Amino acid sequence: MKKLTLVYFSPTKTTETVLKAIAQGLAQGLEISGSAMTSVNFTRPEIRQTGLAPFGGDDIVLLGAPVYAGRLPSDAADFFKKLSASGTPAILTVVYGNREYEDALLELKDIASACGFIPVSGAAFIGEHSFASTEIPVAMNRPDGTDLQQAQDFGSNTGGLLKETHDLKRIGGLKVPGNFPYRDGMGKGAPDFIEVTDMCTNCGICATVCPSEAIDAQKGYVTMAADCILCCACIKACPEHARVMKDGPIKDKAKWLNEACSTPKPPQVFFAPGS
Ligand SMILES: Cc1cc2nc3c(=O)[nH]c(=O)nc-3n(C[C@H](O)[C@H](O)[C@H](O)COP(=O)(O)O)c2cc1C
């Protein structure tokens with residue numbers, strides 16, 4: 001009996017949505033029941049405090065994260081590096097905002113391999129850009145219905161590959177785009193780019209979704225720039241739309257992305273050659 005585990009970081013939930021669609025296709029193909037599926041959403045810092053039990057040969061693991069500056073967000077990479085697996089097939093997914101994903105999928109593959117996983121397939125899907133708003137709609141509403149169908153198909157095709165593979169250890173190496181040494185990634189720290197308007201009702205939802213504990217309830221829910229990872233989860237989760245992007249470099253970047261990356265990109269999928 002196989003167990004399917006989704007392990008992901010997803011501040012604005014596009015990675016989560018894509019992974020769930022992939023899991024649906026995979027579970028159907030491999031006849032894995034809902035009770036054999038678990039999700040580990042490690043976006044919040046308290047989940048990252050402890051590691052996970054090692055994965056074994058009866059597990060199948062989906063690893064997913066967004067792309068930040070062509071790399072994995074450092075909190076996501078650090079958590080993935082703590083995983084341990086032995087002979088466990090891994091399905092790797094990065095989700096990016098319709099610019100490029102550069103070295104992120106390669107970085108995820110390298111980390112998964114170093115942890116003992118056997119990467120069997122990899123994908124780069126598109127998600128609404130973290131910086132998107134109704135005013136600057138970068139990749140707005142992605143993943144859309146077509147993306148999610150493709151995510152499901154990717155899951156079921158991976159299931160087909162796993163069914164046909166008699167000895168996982170003899171599976172060919174998964175090849176994905178990207179370069180090593182990787183491009184420079186991003187750490188914590190952001191320009192002061194979020195304004196809390198007087199629509200704020202102090203409900204505190206922004207603080208509960210922040211992956212880096214950068215929101216100070218004592219100071220009217222302002223974002224502490226030094227701890228912010230720019231994910232915009234707080235802006236998107238605010239029920240009052242009280243958090244808005246200030247004029248400045250991040251808003252300018254969003255405007256640039258909206259113009260320079262306006263042609264919708266299709267998802268890309270990669271499979272290890274079967275044994
Ligand atoms: C700090 C930061 C850097 C980003 N860098 C990239 C990038 O290099 N390329 C890209 O296409 N999208 C980039 N994005 C957009 C996210 O990858 C995209 O919106 C993704 O869908 C967010 O995933 P989530 O919804 O799971 O948080 C970036 C977003 C943030 C916050």
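All of these numbers come straight from a predicted model, not from anything done at the bench. Positions are given from 1, in the same order as the sequence printed here. These numbers come from the heavy atoms of this one structure, side chains and all, not from hydrogens, waters or symmetry mates. Atoms within each ligand, like the ligands themselves, are counted from 1 in listed order.
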Exercise. May I ask you to list the atoms of ligand 1 that are less than 4.0 angstrom from any heavy atom of C231?
Key: 31 (C)

Quiz item: Only one of C200, C234, P239, C238 forms a side chain to side chain contact (heavy atoms under 4.5 Å, CB included) with C206, so which one is it?
Solution: C234

Exercise. Return yes if some donor-acceptor pair links the side-chain N/O of K109 with the main-chain N/O of A104 below 3.5 Å, else return no.
Key: no

Exercise. Please indicate whether any nitrogen or oxygen in R99 is less than 3.5 Å from any nitrogen or oxygen in ligand 1.
Key: yes

Practice problem: Between E16 and ligand 1, find which residue part has any heavy-atom pair under 4.0 Å and reply side chain, backbone, both or neither. | Solution: neither

Quiz item: Could you walk me through whether Y101 and F125 pass the ring-ring contact (aromatic ring centres under 6.0 Å, His included) check?
Solution: CA-CA 9 Å; Y101 61 95; F125 277 83; over 10 Å; no

Self-check item: Exercise: do S35 and S33 side chains pair donor with acceptor under 3.5 Å
Solution: yes

Exercise. Output yes when a side-chain donor or acceptor of R48 lies under 3.5 Å from a complementary backbone atom of D78, and no otherwise.
Key: no

Quiz prompt | Protein residue, atom and distance nearest to atom 9 (N) of ligand 1, heavy-atom basis | solution = E100 O, 2.9 Å

Self-check item: Donor-acceptor contact present, side-chain K20 to main-chain L6, <3.5 Å
Solution: no

Exercise. Answer yes or no: is there a donor N or O on one side and an acceptor on the other, between the side chain of T93 and the main chain of G64, under 3.5 Å?
Key: no

Practice problem: May I ask you to check if ligand 1 and G70 share an N or O to N or O distance below 3.5 Å? | Solution: yes

Quiz prompt | V95 neighbourhood, listing ligand 1 atoms whose heavy-atom distance to it stays under 4.0 Å | solution = 17 (O), 20 (C), 21 (O)

Quiz item: Any side-chain donor-acceptor pair under 3.5 Å between S39 and N41?
Solution: no

Quiz item: Can you find an N/O atom of F131 closer than 3.5 Å to an N/O atom of ligand 1?
Solution: no

Self-check item: atom 5 (N) of ligand 1: nearest protein contact (heavy atom, Å)
Solution: A69 N, 2.8 Å

Exercise. Check each heavy atom of M186 against ligand 1 and say whether those closer than 4.0 Å belong to the side chain, the backbone, both or neither.
Key: side chain

Exercise. Measure the distance from atom 18 (C) of ligand 1 to every protein heavy atom, then report the residue, atom name and distance (to 0.1 Å) of the closest one.
Key: G97 N, 3.7 Å

Quiz item: In the protein, what heavy atom is nearest to atom 31 (C) of ligand 1, and what distance, to one decimal place, separates them?
Solution: L230 O, 3.2 Å

Self-check item: S130: numbered ligand 1 atoms lying under 4.0 Å from its heavy atoms
Solution: 15 (C), 16 (C), 18 (C), 19 (O), 22 (C), 29 (C), 30 (C), 31 (C)

Quiz prompt | V67, any N or O under 3.5 Å of ligand 1 N or O | solution = yes

Quiz item: Under the 3.5 angstrom rule, does the side chain of R99 hit a backbone N or O of H129 as a donor-acceptor pair?
Solution: no

Exercise. Using a strict 4.0 Å cut-off to heavy atoms of T12, name the atoms of ligand 1 that fall inside it.
Key: 22 (C), 24 (P), 25 (O), 27 (O)

Quiz prompt | Polar contact flag for F9 and ligand 1 (N/O pairs, less than 3.5 Å) | solution = no

Self-check item: Lys/Arg-Asp/Glu bridge criterion (N-O < 4.0 Å) met for E100, K265
Solution: yes

Quiz item: Which atoms of ligand 1 are found less than 4.0 Å from any heavy atom of H129?
Solution: 12 (N), 13 (C), 14 (N), 15 (C), 19 (O), 28 (C), 29 (C)

Quiz item: Where the side chain of E16 meets the backbone of S10, is there a donor-acceptor pair that is under 3.5 Å apart?
Solution: no

Quiz item: For ligand 1, which atoms, with element, lie under 4.0 Å from some heavy atom of S10?
Solution: 24 (P), 26 (O), 27 (O)

Exercise. Take every heavy atom of C232, measure it against each atom of ligand 1, and state whether any distance is under 4.0 Å.
Key: no

Self-check item: Nearest protein heavy atom with distance in Å, relative to atom 3 (C) of ligand 1
Solution: Y68 CA, 3.5 Å

Quiz item: If you measure every N/O of K13 against every N/O of ligand 1, is any gap under 3.5 Å?
Solution: yes

Quiz item: Going by distance only, is there an N or O of I229 that falls short of 3.5 Å from an N or O of ligand 1?
Solution: no

Self-check item: K246 atom NZ, over 12 foreign heavy atoms within 6.0 Å
Solution: yes

Quiz item: With atoms numbered from 1 as shown, which atoms in ligand 1 lie under 4.0 angstrom from a non-hydrogen atom of T14?
Solution: 20 (C), 21 (O), 22 (C), 23 (O), 24 (P), 25 (O), 26 (O)

Quiz item: Is the backbone of A242 close enough, under 3.5 Å, to the side chain of T197 for a donor and an acceptor to pair up by distance?
Solution: yes

Quiz prompt | Member of L92, I60, T88, I91 meeting the side chain to side chain contact (heavy atoms under 4.5 Å, CB included) criterion with V120 | solution = I91

Quiz item: Which of the atoms in ligand 1, numbered in the order shown and given with their element, are less than 4.0 Å from a heavy-atom of N98?
Solution: 11 (O)

